[in-house]
Amino acid sequence: MSVSPLVDRWIVLKFGGTSVSRRHRWNTIGELAKKRADETGGRVLVVVSALSGVTNELTAIADGAADSRERVAALVARHNEFLAELELGIDVLAERLAALQALLDDPRAARRPLDWQAEVLGQGELLSSTIGAAYLRSTGLDFGWMDARDWLHALPPAPNQTEWSQRLSVNCQWQGEAGFRQRFSAQPTRMLISQGFIARHGDGGTAILGRGGSDTSAAYFGALLGASRVEIWTDVPGMFSANPRDVPDARLLTRLDYYEAQEIATTGAKVLHPRSIKPCRDAGVPMAILDTERSHLPGTSIDGSAEPVPGVKAISRRNGIVLVSMEGIGMWQQVGFLADVFDLFRRHGLSVDLIGSAETNVTVSLDPSENLVSTDVLAALSADLSEICKVKVIVPCAAITLVGRGMRSLLHKLSDVWATFGKERVHMISQSSNDLNLTFVIDEADADGLLPILHDELIESGAMPVYEEQVFGPRWREINGAVRPRPVPWWQAPAKRRRLLELAAQGTPAYVYDLPTVRERARQLQAIGAIDRRFYAIKANPHPAILRALAAEGFGLECVSLGEVEHVFAALPDFDPARVLFTPSFAPIGEYEAVLARGANVTVDNVELLHHWPEVFRGRALWLRIDLGHGDGHHKKVNTGGKDAKFGLSAQRVDEFVAAARALDIRITGVHAHLGSGIENSSHWKQMVDEMAGFARRIGSVEILDIGGGLPVPYSDDDEPFDLEAWAVGLAEIKAVHPAFRLAIEPGRFMVAEAGVLLARATQVVEKDGVRRVGLDAGMNALLRPALYDAWHDIANLSRLDDARDVDFSVVGPICESSDVFAQRVKLPSTTAPADVMLIADAGAYGYSMASRYNHRALPREDVIDDA
Ligand code: ADP
Ligand code: ASP
Ligand code: MG
């Protein structure tokens, strides 16, 4: 290529293991390198890792694995196969592969000194970069190859640095290298490829930058060259608010400053090597993290000019943490005790990460990525420490860290996070003095499955401000194409929308229910073969038209009060009482008598009823509601299991209940349990049915297991629609395990939530201190869920449905309560004005049925649309 070799403006692109293991990715590398060179008119340095998995193999060989020869043979075969895939001759790697094999016959191989280990480890990058250079040249690109060791030099040993870290976890010289750029730019090609991970040791041998250290190689080159940018190309499109492999809802972090990125990397986000940020930060080189497979995505930009946004940006996890707990009985107050303790860590070459202290105890953590924490080292340390205190080593632990600016001012939003950790054994809590992180150390096994829960809690509480669009991008699930989109809501269809505007003209606030949507939900559940009986929990919405529609679809009706039972028969005078299920809680005894007299099924949930009013129940068939002792659900107020819940017979008292029932000649024909609402976890259902079946077998006469309701409804765009098909498959499996029982369900919300909307008129539009508010003529009296459960309902401006939803509004009601807020930060058209018809979506469940006349406001009207 005819570009002047004097151009010395560089951009550094680093490609990780997965990015260099396939031919089509090398094509991308070539295209990207050329594109960057053309865009900037400058030069490109490509830094590569070893093919994926290769460094692990080399590590095993360096550690002296018994089958090292087989492993080397497999590595040779793999690289030769890759040459074939790239249509390159076998001679490209002949010399390098011979060098790899020769390392096993090296006289040092028997003792495995660190310099030999470093040479072994470095082979992966030498191989991959050699292949890459040959392939890129074969595609006609102007690429030169360079040995990184000629350019990156390990720093001389620091005081207290162990031999291990001086060889296998080195830092490199990157400041004060006068003339570096000039010498480097004298290379004859416009584009260059070199290795990550390796550098030159002071003795002329090879040094290693530590696992994942190729990112840092790229950063060193970036800083030394004063590059315009360092791009880290990997297998995810940026740094996320959590490891996307663990947390599918993790958000892309589009923009970070160096300090937050540093903290996220240090506390466990493997996507960026923690040592890579400082060189770029000090040299003022911006960084980006990008995805080789999805090169069109913008990724994460890290630089010094990002506006600081307070709030939690990420949650990360580090495994393999070692805790050393030291009880200093009697010695604690002594001058110099801590100095003695830490001196021992120094002597064993261990750098301490977190520190927690109490009057008689100091606990510290050791991070395996910064230390060689072998069992030998720990044993020697413990032996020395036990001379001055009582030592306990706790392994393996996981450190879970929340990272973000202003952690201390967020504490009030972290109550759910604390509660979640409260269920685990927390060994240590540590808050960084730079106010950027808060870390919890627990047993590794306890950490499994915790991150998605914590991540949700951080968003729900507002501690993680995902609405800050300059920082938070899309969820991994969306990028990955794993989102089942919510269907377009019925009210957006033009005909329905016109009808709704006509109804609003007759007076607001008004609830409107779309019966075709109710029927559609009914039919979805009818299609699930594993379910034998379906009851609709009418408390969700007892509108007569809905009861009639569901009765016509074959649903039974579940009532919780005599009033509801009477309402059912008023709406449906000929309804078969056997299709009514009465499941009251602490109802007056007269209600049981009246409902039994009507011939409905009755569920009881305590034995005191039988003791106190034996004659009411003698000789009856009853269902029994059992509290399985644990709850679940979308909010603690709808969590209906466990000691603190008022519902259900304690599992400890089932035998007592059965004895009392026998004495009264009562047949227990059904067992019911309901743990909460909005439950998405399928293992939860299985565990529940297993437990119920266990009780049912003990009782003997049970025919039906009623697993309650609780099917979740996707209220926000972040919620995925409940996967009914997966649920049906799961129930069929459960049923196959317990064929003796029929299954019943009693959903409420699921049947009607999405079918209903609340129409209201905008009263006033007001701006105050930068917050725009639109007031409605409906308030928490009309729809209580947001105030009661922090529930989210989408809100639309029906009068301006086609206008862009371009600004954030807070939507409030006219009630004199500070909780009279439907939503903070909902996007609405900036044109929103008084008298517009506003629609609150998914309000069909627990809307009108919970409405009140508080503040002397009228109850909303109710209307039904039925054009099926
Ligand atoms: P490379 O081989 O390209 O250097 P790594 O495996 O070192 O790639 O880093 C990429 C991986 O980092 C991702 O596949 C992801 O599983 C993991 N990771 C952990 N935490 C995060 C995070 N917060 N954001 C993005 N990726 C993360
Ligand atoms: N080969 C190195 C490793 O697996 C790659 C890198 O440093 O990114 O640790
Ligand atoms: Mg990496």
Side-chain angles (χ1 to χ4, degrees), residues 13-22 25 29 47-60 62 75 118 120-129 148 152 168-170 194-199 206-220 231-254 256 260-276 289-294 297 299-300 302 312-319 369 400-404 451 455 464 472-473 475-476 479-480:
L13 313 182
K14 179 259 169 177
F15 293 87
T18 54
S19 303
V20 297
S21 302
R22 304 291 303 281
R25 300 215 172 110
I29 294 174
V47 174
V48 291
S49 297
L51 307 194
S52 54
V54 167
T55 307
N56 288 344
E57 286 302 298
L58 294 170
T59 304
L75 285 175
V120 171
L121 288 170
Q123 297 304 312
E125 273 68 12
L126 290 166
L127 288 162
S128 63
S129 60
L152 297 183
L168 299 181
S169 185
V170 300
S194 189
Q195 310 78 43
F197 196 50
I198 59 174
T206 302
I208 297 293
L209 273 66
R211 287 313 301 266
S214 293
D215 302 337
T216 302
S217 303
Y220 287 144
E231 298 183 347
I232 306 291
W233 290 86
T234 182
D235 61 354
V236 285
M239 199 175 238
F240 280 71
S241 57
N243 185 346
R245 319 266 177 214
D246 295 341
V247 182
D249 279 328
R251 297 294 195 107
L252 176 65
L253 299 167
T254 47
L256 290 171
E260 281 178 316
Q262 175 74 66
E263 206 71 20
I264 298 171
T266 310
T267 57
K270 179 179 169 229
V271 65
L272 197 57
H273 193 250
R275 293 189 206 164
S276 66
I289 305 175
L290 296 149
D291 188 332
T292 316
E293 276 292 287
R294 288 166 273 225
L297 294 176
T300 299
I302 302 169
V312 177
K313 305 295 155 46
I315 175 163
S316 10
R317 167 179 177 176
R318 272 168 298 164
N319 280 345
S369 55
I400 296 181
T401 305
L402 317 183
V403 180
L451 259 64
H455 190 267
M464 182 182 279
F472 290 92
R475 290 171 294 157
W476 166 248
I479 296 169
N480 205 22

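As the structure is a computational prediction, the values presented were derived from the model and not from experiment. Read the numbers this way: they start at 1 and go in the same order the structure lists the ligands and their atoms.
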Can you tell me the protein heavy atom closest to [atom] and the distance?
{"atom": "atom 17 (C) of ligand 1", "result": "Asn243 OD1, 3.7 Å"}
{"atom": "atom 9 (O) of ligand 1", "result": "Val271 CA, 3.4 Å"}
{"atom": "atom 4 (O) of ligand 2", "result": "Arg211 NH2, 2.8 Å"}
{"atom": "atom 23 (N) of ligand 1", "result": "Phe240 O, 3.0 Å"}
{"atom": "atom 6 (C) of ligand 2", "result": "Ser214 OG, 3.1 Å"}
{"atom": "atom 2 (O) of ligand 1", "result": "Gly17 N, 3.3 Å"}
{"atom": "atom 6 (O) of ligand 1", "result": "Lys270 NZ, 2.8 Å"}

For this session: Could you tell me whether His273 approaches ligand 2 through its side chain, its backbone, both or neither, with non-hydrogen atoms closer than 4.0 Å?
Result: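 Under 4.0 Å from ligand 2, His273 contributes no heavy atoms.
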
Exercise. When only distance counts, is Asp235 in polar contact with ligand 1, meaning an N/O pair under 3.5 Å?
Worked result: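 Yes - when backbone and side-chain N and O of Asp235 are compared with those of ligand 1, one distance drops under 3.5 Å.
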
Exercise. Quick check: does Ala269 get an N/O under 3.5 Å from an N/O on ligand 1?
Worked result: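 In this structure, Ala269 places no N or O atom under 3.5 Å from an N or O of ligand 1.
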
Exercise. Could a heavy atom of Pro244 be found less than 4.0 Å from some atom of ligand 1?
Worked result: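 Yes.
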
For this session: State if Lys14 counts as touching ligand 1 under the rule of any non-hydrogen atom under 4.0 Å.
Result: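 A heavy atom of Lys14 does come that close to ligand 1.
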
Problem set entry | Closest non-hydrogen atom pair, Ala269 against Ser316 |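 Where Ala269 meets Ser316 most closely, the heavy atoms are N-CB, 4.1 Å.
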
Exercise. Of the non-hydrogen atoms in Ser217 and Val47, which two are nearest, and what is the gap between them?
Worked result: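 Smallest interatomic distance, heavy atoms only, reads CB-CG1, 4.2 Å.
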
Exercise. Within the structure, does Gly212 bring an N/O atom to less than 3.5 angstrom of an N/O atom in ligand 2?
Worked result: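 For ligand 2, there is an N or O atom that lies under 3.5 Å from one belonging to Gly212.
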
Problem set entry | N or O pair under 3.5 Å between Gly213 and ligand 2 |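 Such a contact does occur with ligand 2.
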
Using a strict 4.0 Å cut-off to heavy atoms of [X], name the atoms of ligand 1 that fall inside it.
{"X": "Met239", "answer": "24 (N)"}
{"X": "Gly238", "answer": "24 (N), 25 (C)"}
{"X": "Val236", "answer": "13 (C), 14 (O), 25 (C), 26 (N)"}

Exercise. Is there a donor-acceptor pair under 3.5 Å between the side chain of Ser194 and the backbone N or O of Ala148?
Worked result: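 Answer holds: yes.
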
Problem set entry | Side-chain (Glu125) to main-chain (Ala50) donor-acceptor, under 3.5 angstrom |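 Confirmed, Glu125 side chain pairs with Ala50 backbone.
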
Problem set entry | Identified salt bridge (Lys or Arg N to Asp or Glu O under 4.0 Å) partner of Asp235 from the options Arg245, Arg294, Lys270 |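 For Asp235, the salt bridge (Lys or Arg N to Asp or Glu O under 4.0 Å) check succeeds only for Arg245.
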
Are the side chains of [Y] and [X] in contact, using a 4.5 Å heavy-atom criterion?
{"X": "Arg475", "Y": "Val247", "answer": "no"}
{"X": "Asn243", "Y": "Leu451", "answer": "no"}
{"X": "Leu75", "Y": "Gln123", "answer": "no"}
{"X": "Phe472", "Y": "Leu253", "answer": "yes"}
{"X": "Leu252", "Y": "Thr300", "answer": "yes"}
{"X": "Val170", "Y": "Ile208", "answer": "no"}

Does [X] approach ligand 1 within less than 4.0 angstrom via side chain, backbone, both or neither, non-hydrogen atoms only?
{"X": "Arg245", "value": "side chain"}
{"X": "Ala242", "value": "backbone"}
{"X": "Thr234", "value": "both"}

In ligand 2, which numbered atoms sit nearer than 4.0 Å to a non-hydrogen atom of [X]?
{"X": "Thr55", "answer": "1 (N), 2 (C), 3 (C), 4 (O)"}
{"X": "Glu125", "answer": "1 (N), 2 (C), 5 (C)"}
{"X": "Ser49", "answer": "5 (C), 6 (C), 8 (O)"}

Exercise. Can a donor-acceptor pair be found between the side chains of Thr267 and Thr401 at a distance below 3.5 Å?
Worked result: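 Their side chains do not contain a donor-acceptor pair, so the 3.5 Å distance test is not met.
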
For this session: Go through the side-chain N and O atoms of Gln262 and Thr266 and say whether any donor and acceptor fall under 3.5 Å apart.
Result: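 There is such a pair between these side chains.
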
For this session: For the pair Phe15 and Trp233, name the ring-plane relationship: parallel under 30°, tilted 30 to 60°, perpendicular over 60°.
Result: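 Rings of Phe15 and Trp233: parallel, as their planes differ by under 30°.
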
